[in-house]
Amino acid sequence: MALHQGAADPGESTQERARLSLNPFFGEADPVAGMSSAPPTHRLPDGPLAPHTAYQLVHDELMLDGNSRLNLATFVTTWMEPQAGVLMSECRDKNMIDKDEYPRTAELERRCVSMLADLWHAPDPSTAVGCSTTGSSEACMLAGMALKRRWAQRNADRYPGSARPNLIMGVNVQVCWEKFCNFWEVEARLVPMEGERFHLDAQAAADLCDENTIGVVAVLGSTFDGSYEPVADVCAALDALQERTGLDIPVHVDGASGAMVAPFLDEDLVWDFRLPRVSSINTSGHKYGLVYPGVGWALWRSPAELPEELVFRVNYLGGDMPTFALNFSRPGAQVVAQYYTFLRLGREGYRAVQQAARDIATGLARRFGELEDFRLLTHGDELPVFAVTTADDVTRFDVFDVSRRLRERGWLVPAYTFPANREDLSVLRVVCRNGFSADLAELLMEDLRQLLPELRDQPHPLSRDTAVATAFHH
């Protein structure tokens, strides 16, 4: 989570500020009574407030947040059915780790793992192992730990002495992989972008492998532009490497978004456990899994891919509970919501939802491309996500100006610069999720068309702080 620094309290408020801190109508019985003192904001108040007063103070401040439905930066689910919300409220007090006390919640988690194993073509879904997590970032950490431990077991005579493990991935990976390498002392070997290739190249990945490589990460749905990385090509390149050198390098598929899109819309695309070299897969239930944050999933093709010593068995809560997680206590609500969504939609329901998102993305991308001011990089035909930059002859404004002006209308559309070898390229990225309808897409285009004449009249792009440009790696 982000690190925050507490601010110094400004001191005791004046009586006038205290009187005006709350609408008089919020007084429970006497609307002219007011508050005797405004509560401090950076230290605990001396005494309690009435619940409706505390609620209204927090509620009013949160009105200054952006509208999540208009946030086209995030991949995270921003809408669920009311019935899902009711189920989540009924389960928010259940501790997911306490499987003995809440056996039915634990059973729903097991069913979700089994459903995903079947969806991703595990050789034997009944023996595939997996777990829920707080999100795909934790799932990636767990998968990386399993890769490292399996490598360490194979190299016990060299590690931890002289051998330093490394992990191969594209420079476009989500930041959680950089965190994994930093926290667990693994060398990150990054394949840079080249020209119009914005993700991992299969042969370049294989060329970086050696006897210390714990695995290769392939991303099914890059956060930079929505494109799928060529998982099958990566596996083929590693097959050829093994034939030449004997090196047997496993592949982990980071399917944070794409693992809940491709099975329904790209059934002929082979990227999952059908490839013998794919040892593990993760996804975000709270992205295209269609659940509110935060829930993720990590699966291994068989028990052999998850070293037993990484699994802890806890009995102090009652029963013998195997657990593999970075977190311990967490609510069961999101897991229940995931099972509800699987049950509610089924394969055809998921297909309909994801197809609608893709159709809106490709249609919106096409309309951006029809404007002479922009050049499309991707078209929303893999993930329902596309990236666009300004046309070569546009000199009066840039993507950061477009992002800033759209924010004035309530739209959150990120602008950012690409990483190594393509730092010259700055783009807008649009994420289309369930709940972002064709009507909202039309409103976005209307606002964009109204802004463009003003942007075209600028003398030059407005100054900006490049340090705040971000890829919005949600």
Side-chain angles (χ1 to χ4, degrees), residues 120-123 136 139-140 143-144 146-148 150-151 154 165-174 176-178 180-181 186-263 266-283 298-302 305 378 381-383 419-422:
W120 296 338
H121 300 96
S136 56
C140 290
L147 289 175
K148 182 180 178 183
R150 288 176 60 203
W151 171 86
R154 296 192 303 268
N166 65 72
L167 183 65
I168 313 300
M169 48 196 167
V171 71
N172 57 299
V173 290
Q174 211 264 5
C176 69
W177 287 107
E178 299 175 46
F180 165 76
C181 291
V186 173
E187 177 192 355
R189 294 187 177 178
L190 302 177
V191 176
M193 295 180 176
E194 294 290 349
E196 295 300 300
R197 176 180 58 76
F198 304 125
H199 56 223
L200 186 67
D201 175 75
Q203 190 56 52
D207 291 343
L208 289 176
C209 293
D210 59 26
E211 67 276 7
N212 294 327
T213 300
I214 66 174
V216 174
V217 175
V219 180
L220 195 71
S222 172
T223 58
F224 277 87
D225 62 1
S227 61
Y228 294 160
E229 291 191 332
V231 182
D233 291 347
V234 170
C235 290
L238 294 175
D239 289 342
L241 177 69
Q242 183 174 8
E243 290 181 7
R244 295 194 310 271
T245 66
L247 294 175
D248 186 7
I249 310 294
V251 169
H252 172 79
V253 178
D254 182 350
S257 294
M260 293 305 298
V261 174
D266 308 295
E267 294 182 83
D268 295 333
L269 180 68
V270 179
W271 62 272
D272 52 16
F273 290 129
R274 287 171 288 183
L275 297 167
R277 197 166 290 276
V278 172
S279 65
S280 51
I281 301 172
N282 73 274
T283 197
L299 268 71
W300 290 263
R301 69 182 301 118
S302 73
E305 278 73 31
T378 50
D381 53 352
E382 293 183 320
L383 285 190
N421 283 20
R422 288 311 314 264

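Owing to the predicted nature of the structure, the values given are computational and were not obtained by experimental measurement.
Side chain of W120 to backbone of A259: a donor-acceptor contact under 3.5 angstrom is found. R189 places no side-chain N or O within 3.5 Å of a backbone atom of C209 that could act as its donor or acceptor partner. Looking only at distances, a side-chain donor or acceptor of E382 sits under 3.5 Å from a matching main-chain atom of Y228. Not a single donor-acceptor pair under 3.5 Å links the side chain of S227 to the backbone N or O of S222. A donor-acceptor pair under 3.5 Å is absent between the side-chain atoms of S280 and the main chain of A143, judged by distance alone.
A139 and A298 make their closest contact through CB-CB, 3.8 Å (heavy atoms, listed as atom of the first residue, atom of the second, distance). The two residues L147 and G215 come nearest to each other via the heavy atoms CD1-CA, 4.4 Å. The two residues A202 and A237 have their closest heavy-atom pair at O-CB, 3.8 Å. Scanning all heavy atoms of the two residues, the minimum distance from L220 to L269 falls at CD1-CD2, 4.4 Å. The nearest pair of heavy atoms linking V171 to P419 is CG1-CG, 3.7 Å.
Separating the CD atom in E211 from the CG atom in N166 is a distance of 8.5 Å, to the nearest 0.5 Å. Rounded to the nearest 0.5 Å, atoms CG (L241) and CG (D248) are 9.5 Å apart. Rounded to the nearest 0.5 angstrom, D210 CG and I168 CD1 are separated by 7.0 Å. Here CZ of F273 is found 8.0 Å from CD of E305. Values are rounded to the nearest 0.5 Å. I214 contributes atom CD1, which lies 7.5 Å from atom NZ of K148 (distance to the nearest 0.5 angstrom). Residue C235 holds its SG atom at 12.0 Å from CD1 of I249, rounded to the nearest 0.5 Å.
Using a 4.5 Å heavy-atom threshold, the side chains of C140 and Q174 count as separate. For the pair F224 and R422, the minimum side-chain heavy-atom distance is 4.5 Å or more. Two residues are said to be in side-chain contact when any heavy atoms from C-beta on lie closer than 4.5 Å; L200 and V219 fail this criterion. Side-chain contact between M169 and L190 is present, with at least one heavy-atom pair separated by less than 4.5 Å. E194 has its side chain out of reach of D201: every pair of non-hydrogen atoms, C-beta onward, lies at least 4.5 Å apart. Between V234 and V251, some side-chain heavy-atom pair lies under the 4.5 Å cut-off.
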>> Working note: N212 + W151, criterion side-chain contact (heavy atoms from CB on, under 4.5 Å); need CA distance, chi angles, decisive distance, verdict.
In response: CA-CA 8 Å; N212 294 327; W151 171 86; 3.5 Å; yes

> Hey, mind stepping through R301 and H121 against side-chain contact (heavy atoms from CB on, under 4.5 Å) and telling me if it holds?
Replying inline: CA-CA 9 Å; R301 69 182 301 118; H121 300 96; over 6 Å; no

> Should D254 and V173 be marked as a side-chain contact (heavy atoms from CB on, under 4.5 Å) after you check the CA-CA gap, both sets of side-chain angles, and the distance that decides it?
Replying inline: CA-CA 9 Å; D254 182 350; V173 290; 5.9 Å; no

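No salt bridge links E229 with R197; every basic N to acidic carboxylate O contact stays at or beyond 4.0 Å.
Looking at N172 and H199, their side chains never bring a donor and an acceptor atom within 3.5 Å of each other.
Partner V253 forms a side chain to side chain contact (heavy atoms under 4.5 Å, CB included) with one of N282, T283, I281 and no other, that one being I281.
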